[in-house]
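Heads up: the structure comes next, in structure tokens.
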Amino acid sequence: MIEAYIYISRPVQAIAGIVYLGNKTNLEYWKEKYSYDVNAVSRIDEYLMRYKVVMEIQRFQNTTQLPLEDIRKVFPKFLIPQMYYYLDDLPLIDYIQDNLKNVGDSITHEFNDIESSKICVH
């Protein structure tokens, strides 16, 4: 499972949640699996122009906010990535984990049965 931190841009400018990703799936597999649904195949084809795989958001955890301003006090050169940033083995991951606190219960999805109408929907 991959853990990803959610950054909220202006005006908030803070990390404020965690998503847990899993079940990496090739979009060609979905195209075959949902071939009976012309609309789903069309949406999958649109995604295939830019992506080859998808991952399910299996769980979401709301957290306290960790402001960008606070992060930059400790890591002055830190820049917010345009898409994603690998934190493995960086001191930043320890800082985030030490300073984010869970808020409420997490939301989990089992993905036992994904309807074709839910595939590749914006």
Side-chain angles (χ1 to χ4, degrees):
M1 186 172 299
I2 293 174
E3 186 175 289
Y5 296 93
I6 302 298
Y7 177 78
I8 302 171
S9 59
R10 290 181 192 243
V12 176
Q13 292 186 291
I15 295 174
I18 307 169
V19 292
Y20 298 88
L21 307 169
N23 198 20
K24 185 176 181 180
T25 303
N26 187 307
L27 280 168
E28 290 291 345
Y29 168 76
W30 274 3
K31 190 172 177 178
E32 188 176 309
K33 181 178 179 177
Y34 298 104
S35 61
Y36 62 88
D37 184 331
V38 176
N39 292 325
V41 169
S42 177
R43 291 190 309 273
I44 293 168
D45 283 338
E46 283 183 45
Y47 270 67
L48 278 167
M49 288 184 218
R50 298 179 308 274
Y51 313 106
K52 299 294 178 211
V53 296
V54 294
M55 291 184 78
E56 298 167 350
I57 298 175
Q58 295 182 335
R59 185 164 52 111
F60 170 77
Q61 178 63 59
N62 193 26
T63 66
T64 56
Q65 292 185 5
L66 180 53
L68 177 59
E69 180 181 312
D70 292 355
I71 296 170
R72 286 196 175 144
K73 286 177 186 171
V74 179
F75 301 95
K77 294 183 180 183
F78 176 72
L79 298 173
I80 297 300
Q82 292 295 324
M83 294 194 62
Y84 57 88
Y85 187 79
Y86 290 102
L87 298 175
D88 297 342
D89 301 321
L90 295 178
L92 178 58
I93 188 70
D94 294 329
Y95 177 80
I96 291 171
Q97 290 174 341
D98 289 346
N99 288 281
L100 275 185
K101 305 298 177 218
N102 291 349
V103 175
D105 294 332
S106 64
I107 300 168
T108 303
H109 194 297
E110 297 297 327
F111 292 96
N112 293 330
D113 185 30
I114 306 171
E115 298 173 14
S116 62
S117 62
K118 304 291 185 199
I119 297 299
C120 295
V121 178
H122 302 281

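All heavy atoms count here, side chains included; hydrogens, waters and symmetry mates do not. In this text, all values refer to a predicted model and were calculated from it rather than measured experimentally.
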Less than 4.5 Å apart, side chain to side chain, heavy atoms only: is that true for [X] and [Y]?
X: Glu28; Y: Leu48; value: yes
X: Leu21; Y: Ile57; value: yes
X: Arg43; Y: Asn39; value: yes

Output the distance between atom [atom1] ([X]) and atom [atom2] ([Y]), rounded to the nearest 0.5 Å.
X: Phe60; Y: Ile18; atom1: CZ; atom2: CD1; answer: 8.5 Å
X: Lys24; Y: Lys52; atom1: NZ; atom2: NZ; answer: 13.0 Å
X: Leu66; Y: Ile71; atom1: CG; atom2: CD1; answer: 4.0 Å
X: His109; Y: Gln58; atom1: NE2; atom2: CD; answer: 10.5 Å
X: Asn99; Y: Asp94; atom1: CG; atom2: CG; answer: 10.5 Å
X: Lys73; Y: Tyr95; atom1: NZ; atom2: OH; answer: 8.0 Å

Within 45° cone of Phe75 ring axis and under 6.0 Å: Arg72 NZ or CZ: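 No.
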Worked check of side-chain contact (heavy atoms from CB on, under 4.5 Å) between Phe78 and Leu92: CA-CA 9 Å; Phe78 176 72; Leu92 178 58; 3.4 Å; yes
Pair Tyr5 and Tyr7, ring centroids less than 6.0 Å apart: no
Count I, L, V, M, F, W, Y as connected when their side-chain heavy atoms are under 4.5 Å apart, and connections chain through other members. Are [X] and [Y] then in the same cluster?
X: Ile15; Y: Val103; answer: no
X: Val121; Y: Met55; answer: no
X: Ile119; Y: Tyr51; answer: yes
X: Leu87; Y: Ile6; answer: no

Expected output: side-chain [X] to main-chain [Y] donor-acceptor under 3.5 Å:
X: Ser116; Y: Tyr34; answer: no
X: Gln61; Y: Val19; answer: no
X: Lys101; Y: Asp98; answer: yes

